[in-house]
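Below is one structure, written out as structure tokens; comments come after it.
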Amino acid sequence: MAKNLLIVESPAKAKTIEGYLGKDFTVKSSYGHIRDLVKSEDAIDIANNFKQTYEVPADKKQVVSELKKLAKEAETVWLASDEDREGEAISWHLFDTLNLKDANTKRIVFHEITKPAIMAAIENPRKINYNLVNAQQARRVLDRLVGFELSPVLWKKVKPSLSAGRVQSVAVRIIVEREREINKFQSEAAFKIVAIFGKGRQAFKAELAERYSKQEDAEKFLQDCIGADFTVNSLETRPTKRSPAAPFTTSTLQQEASRKLGYSVSRTMQIAQRLYESGHITYMRTDSVNLSETALASAANEITTAYGNQYYQQRKYKTKSAGAQEAHEAIRPTYFANHTIDGDGSEKRLYELIWKRAIASQMSEAQFEKTTAKIGISTRKEELTANGEVMKFDGFLKVYLESNDEEEDTPQDDSDNAILPPLSKGQRLELEEMSATERFSRPPARYTEASLVKKLEELGIGRPSTYAPTISTIQNRGYVVKEEREGKTRKFRVLTLKDANIAKEERTENTGAERGKLFPTDIGAVVNDFLVQHFKGIVDFNFTAKVEKQFDEIAAGLEEWTNMIGNFYKPFHADVENTMETADKATGIRELGIHPEKGEKVSVRIGRYGPFVQIGENASDDNKEYKPQYASLRNGQSIETITLDEALELFKLPKVVGEFEGKTMKVAIGRFGPYISHNSAFVSLPKGVDPLDVTEEQAIELIQEKRKKDAEKLIKAFDEDPTVKVLNGRFGPYIEFGKQNVKIPKDKDPKELTYEECKALADADSKAPKKGGKKFAKKKK
DNA sequence: CAGTGAGCGAGCTTCCGCTTGACTT
């Protein structure tokens, strides 16, 4: 048996370190935290100085018992969890749970997984830092108190099963507030003047700095330019340079993978996890931009051999994000010599991105020569400006160019990087064409998952390990949806001056179309407004930063954690009590106006099943017969922005469109779009068909088409029970047993199945314990 | 999947942060 047991957080890390340490060391992993607060109310004893009750969760029992056994046998136990607040707490939980003894327990830390770093750590053991542990407990207790006291307020005042928390509620707030900024944004139009001088390869663009809000002014400008002389007034050339970005952290990796590869943040993390486990990259949950000495040396070697000395420039980066704890290195390839790896397509692409970014971070600047020409007009005092840029040395751009979030105004706006022909001061220029194009100011951009992560990181909210789960949570709770939305077409005017003649035309463009952007739902907006109204302090963008400062004081031994939590809890709990008793139920109700024919009030609000419109007052005690009319809002509509007319439209459906085989056909809109219902069968309407315009003939045709398609899918039907069928589905043949779908085992021929066999299979399926993730099994219940 | 929307009440939901695993129709 090994003399030493060393415990780290991650099993992949354990494997690597075991290789460094030799046979005297057994290296094991705790798989993160091994204990957590119990789920129940008594997890924190408030009257007793916030004393916590912890438990080992079921899925950690095995790990803990194995570690316990090994610890008993070892001479020395080395606690090597990460060097940050959570890591220190993990060490303490291990110490406590495994019944370790001070005398033979050593706490060590390292922030890079290299042999020298580990050896140095072992030479310098210390004791558990209880101040740091206390800071973690304060963090944990605060989050539990906030989450488990706020959520029930929402259950009572908004809707059951909702949630609120220090991190998620601010994330939702960011999305809701941005949407409102966009809604109230007033776009302003102005004409932008662009001139083209010269012909063919010598042609280049010049722009006017001013924009004209009135068409007359733009037209006057073009008019003045007819027959005018254009002269190069000044010519300035200066060198510029661009430096590489720091190697990836979790947040920057998520952003760049989203922009360049189109991955969601959770997809990026899953792929990165695989790369980490197969030893291709360092740890992927990190807030550090630091590279180890060995990594720096190996990158230097790779760059000089692959590209030459002039491409190498050693750089050390400093983290900018506020709450960074820097327990790990930046994300980088384990071996810089591997430009590519084996793996599936997504793994290869992500690895390549990580490799390029890390290599580029140690390369020299790219150098440019930027030329600015000012062009005078004989008939006007304004000058046109032409910019050109020539790359003199590519430097790090040889391997990597970071992208950014900003979209271009128009496709032809790329004149910044253009190349100018040789020009000289005083030179006369030949105008080829000049245009005045109407352009519109743009509202702030909606957030993507990745840009939300960026924002959260800037605010110091959340941690590398929680960005992806937080984004999932706010979507799972229905506060936010990630969607595609169609844009609207918009007309814009273009004036073109060519050959002393001004042509006017109107063009159309599509604007406001979004893909993969985060939109708040009505419930998200109502919950947010409720929290902002009653718990301003908690959903304040600076709340986390404020408490982090106090956690730091606890970690430095300057403040008692129970004191800090006590000071926070007293007023917070009073707010909770007060809100529970006095606040109105939040429905986001909004009056839209009066129904033009009925003269009754029309309003929208959130109900048990989502947002809906109501015509008329609620039934009162004096008039129990009276019933208001209801209609659900459709996808993409919101109680905040819907108009009276749009609301009244909703009452035109469902609509009876005719009769077929003695049964009525109805058109309605369901969760998946418009459909026809007939004799308890459903047919989706094809795209582009307006549900209000469906005719009887069209409906019959669609029903018959659907029947034909279903018949093609049908493998076998049974006389015993018409609701039982064998069908060919997307995932292969299956049995439709009433409402239950059952997969057919591979060893059975679907054509040969008897009714009895189907029944048996369906029976077995409904009885079989649902395998798979606990989350899934729980949801089913 | 798909038409509902009052109010009652039982019993349920919920936080953040550290890890991986083993899954859906």
Side-chain angles (χ1 to χ4, degrees), chain A residues 8-13 29-37 39 41 43 59-60 63 81-82 84-87 89-90 93 136 139-155 159-169 270 273 276-277 283 285 327 461-467 469-470 473 477 544 587 605-614 618-621 624 627-632 653-654 666 668-677 680-684 729-732 734 739-743 770-781:
Chain A
V8 293
E9 291 180 35
S10 148
K13 207 191 253 185
S29 149
S30 73
Y31 292 80
H33 273 295
I34 51 147
R35 282 204 306 198
D36 193 16
L37 291 172
K39 285 271 176 223
E41 296 244 313
D59 58 335
K60 287 290 166 64
V63 181
S81 47
D82 296 347
D84 59 15
R85 202 163 61 205
E86 298 297 327
I90 288 175
H93 279 302
Q136 192 275 345
R139 199 280 305 154
R140 182 68 191 90
V141 167
L142 179 113
D143 282 335
R144 168 59 68 87
L145 290 173
V146 168
F148 275 38
E149 293 216 2
L150 277 191
S151 299
V153 180
L154 296 180
W155 303 344
K159 207 174 119 170
S161 302
L162 295 176
S163 65
R166 174 176 60 82
V167 172
Q168 58 167 291
S169 295
Q270 279 166 16
Q273 176 87 30
Y276 168 64
E277 281 169 10
Y283 197 56
R285 288 187 277 264
I461 298 173
R463 304 278 312 132
S465 66
T466 61
Y467 294 137
T470 299
T473 299
R477 296 271 174 278
T544 292
T587 63
R605 67 176 192 274
I606 295 203
R608 241 196 315 165
Y609 310 105
F612 69 102
V613 194
Q614 176 171 344
N618 285 338
S620 62
D621 283 344
K624 292 204 165 157
K627 271 219 160 174
Q629 272 187 284
Y630 305 104
S632 295
L653 290 174
K666 243 189 226 172
I669 295 199
R671 199 149 67 83
F672 302 123
Y675 65 94
I676 303 167
S677 61
S680 67
F682 301 95
V683 185
S684 294
R730 200 150 56 95
F731 306 103
Y734 67 101
K739 285 193 169 170
Q740 186 188 357
N741 286 341
V742 190
K743 214 172 168 172
K770 286 287 170 210
K771 288 186 288 177
K774 271 171 232 116
K775 266 187 212 158
F776 192 83
K778 223 173 165 185
K779 255 187 195 167
K780 282 241 157 172
K781 277 184 183 175

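Lettering of chains follows the sequences in order, A, B, ..., and the numbering in each one begins at 1. Heavy atoms only: backbone and side chains are in, while hydrogens, waters and symmetry mates are out. On a predicted model such as this, the values are computed, not experimentally measured, just so you know.
A 4.5 Å side-chain heavy-atom check between A:Arg140 and A:Glu86 finds every atom pair outside the cut-off. In this structure the side chain of A:Leu154 never reaches within 4.5 angstrom of the side chain of A:Arg477, judged on heavy atoms.
One N or O donor and one acceptor, one from the side chain of A:Arg140 and one from the base of B:dC15, sit under 3.5 Å apart. For A:Arg139 against B:dC16, a side-chain-to-base donor-acceptor contact under 3.5 Å is present. Under 3.5 Å, the side chain of A:Ser163 and the base of B:dT14 form no donor-acceptor pair of N or O atoms.
Counting all heavy atoms, side chain and backbone alike, A:Glu9 lies closest to A:Gly87 at OE2-CA, 3.5 Å. Between A:Val63 and A:Ser30, the closest heavy-atom pair is CG1-O, 4.0 Å. Smallest separation of non-hydrogen atoms from A:Val167 and A:Gly462: CG2-N, 4.1 Å.
OP1 or OP2 of B:dT14 has at least one side-chain nitrogen or oxygen of A:Arg477 nearer than 4.0 Å. The shortest distance between the side-chain N/O atoms of A:Ser632 and the OP1/OP2 oxygens of B:dT4 is not below 4.0 Å. Between A:Gln168 and the phosphate of B:dC15, there is a side-chain N or O to OP1/OP2 separation shorter than 4.0 Å. Listed pair A:Thr466 / B:dC16 fails the phosphate criterion, with no side-chain N or O lying under 4.0 Å from OP1 or OP2. At the phosphate of B:dC18, neither OP1 nor OP2 sits under 4.0 Å from any side-chain N or O atom of A:Arg35.
By the criterion of a centre-to-centre distance under 5.5 Å and near-parallel planes under 30°, the ring of A:Tyr630 forms no stack with the base of B:dT4. Per the stacking criterion (ring centres < 5.5 Å, plane angle < 30°), A:Tyr675 does not stack onto the base of B:dA2.
The nucleotide whose nearest atom lies closest to any side-chain atom of A:Glu277 is, among B:dT20, B:dT13, B:dC18, B:dT20. Checking B:dC16, B:dC15, B:dT19 against every side-chain atom of A:Lys39, the shortest atom distance belongs to B:dC15. Relative to the side chain of A:Arg463, the nucleotides B:dT19, B:dC15, B:dG17 differ in distance, and B:dG17 lies closest. Here B:dT19 is the nucleotide among B:dT14, B:dT19, B:dC16 with the atom lying nearest to any side-chain atom of A:Arg285.
Within the nucleic acid shown, A:Ser81 has no heavy atom closer than 4.0 Å to any nucleic acid atom. When heavy atoms are screened at a 4.0 angstrom cut-off, A:Val167 is found touching the sugar-phosphate backbone but no base atom. Base engagement by A:Pro160 is indicated by at least one non-hydrogen atom pair under 4.0 Å involving a base atom. Note on A:Ala164: only backbone sugar-phosphate atoms sit closer than 4.0 angstrom, heavy atoms only; bases stay farther off. Heavy atoms of A:Gln136 sit nowhere under 4.0 angstrom from any nucleic acid atom. Contact annotation for A:Gly32: base contact, defined as any heavy-atom pair under 4.0 Å involving a base atom. Contacts of A:Gly87 with the nucleic acid, taken as non-hydrogen atoms under 4.0 Å apart, are absent. As judged by a 4.0 angstrom heavy-atom cut-off over every strand, A:Leu37 is placed among residues making no nucleic acid contact. Contacts of A:Asp82 with the nucleic acid, taken as non-hydrogen atoms under 4.0 Å apart, involve only primed sugar atoms and P, OP1 or OP2. Within the nucleic acid shown, A:Pro152 comes within 4.0 Å of at least one base atom, counting heavy atoms only.
Atom-to-atom, CZ of A:Arg144 to C1' of B:dC16 comes out at 10 Å; the value is rounded to the nearest Å. What separates CG of A:Leu150 from P of B:dC16 is a distance of 10 Å, to the nearest Å. Atom-to-atom, NE2 of A:His93 to P of B:dG17 comes out at 15 Å; the value is rounded to the nearest Å. Remark: P of B:dC15 and CZ of A:Arg166 are 13 Å apart, rounded to the nearest angstrom. Atom OH in A:Tyr467 sits roughly 13 Å away from atom P in B:dT19 (whole-Å rounding). Counting to the nearest Å, the P atom of B:dC16 and the CG atom of A:Asp36 are 12 Å from each other. The separation between A:Lys60 atom NZ and B:dC18 atom C1' is 7 Å, rounded to whole Å. In this structure, A:Tyr31 atom OH and B:dA22 atom C1' are separated by 14 Å, rounded to whole Å.
Checking A:Arg608 against A:Asp84, the closest nucleotide of DNA chain B that is more toward the 5' end is the one next to A:Arg608. The residue among A:Lys13 and A:Asp143 whose nearest nucleotide of DNA chain B lies closer to the 5′ end is A:Asp143.
Although no hydrogens or angles enter the test, the distance criterion places no donor-acceptor pair under 3.5 Å between the side chain of A:Thr587 and the main chain of A:Ile606. Remark: side-chain polar atoms of A:Lys13 are not paired, donor with acceptor, to backbone N or O of A:Tyr283 under 3.5 angstrom. Formation of a donor-acceptor pair under 3.5 Å by the A:Ser632 side chain with backbone atoms of A:Phe612 is not found in this model.
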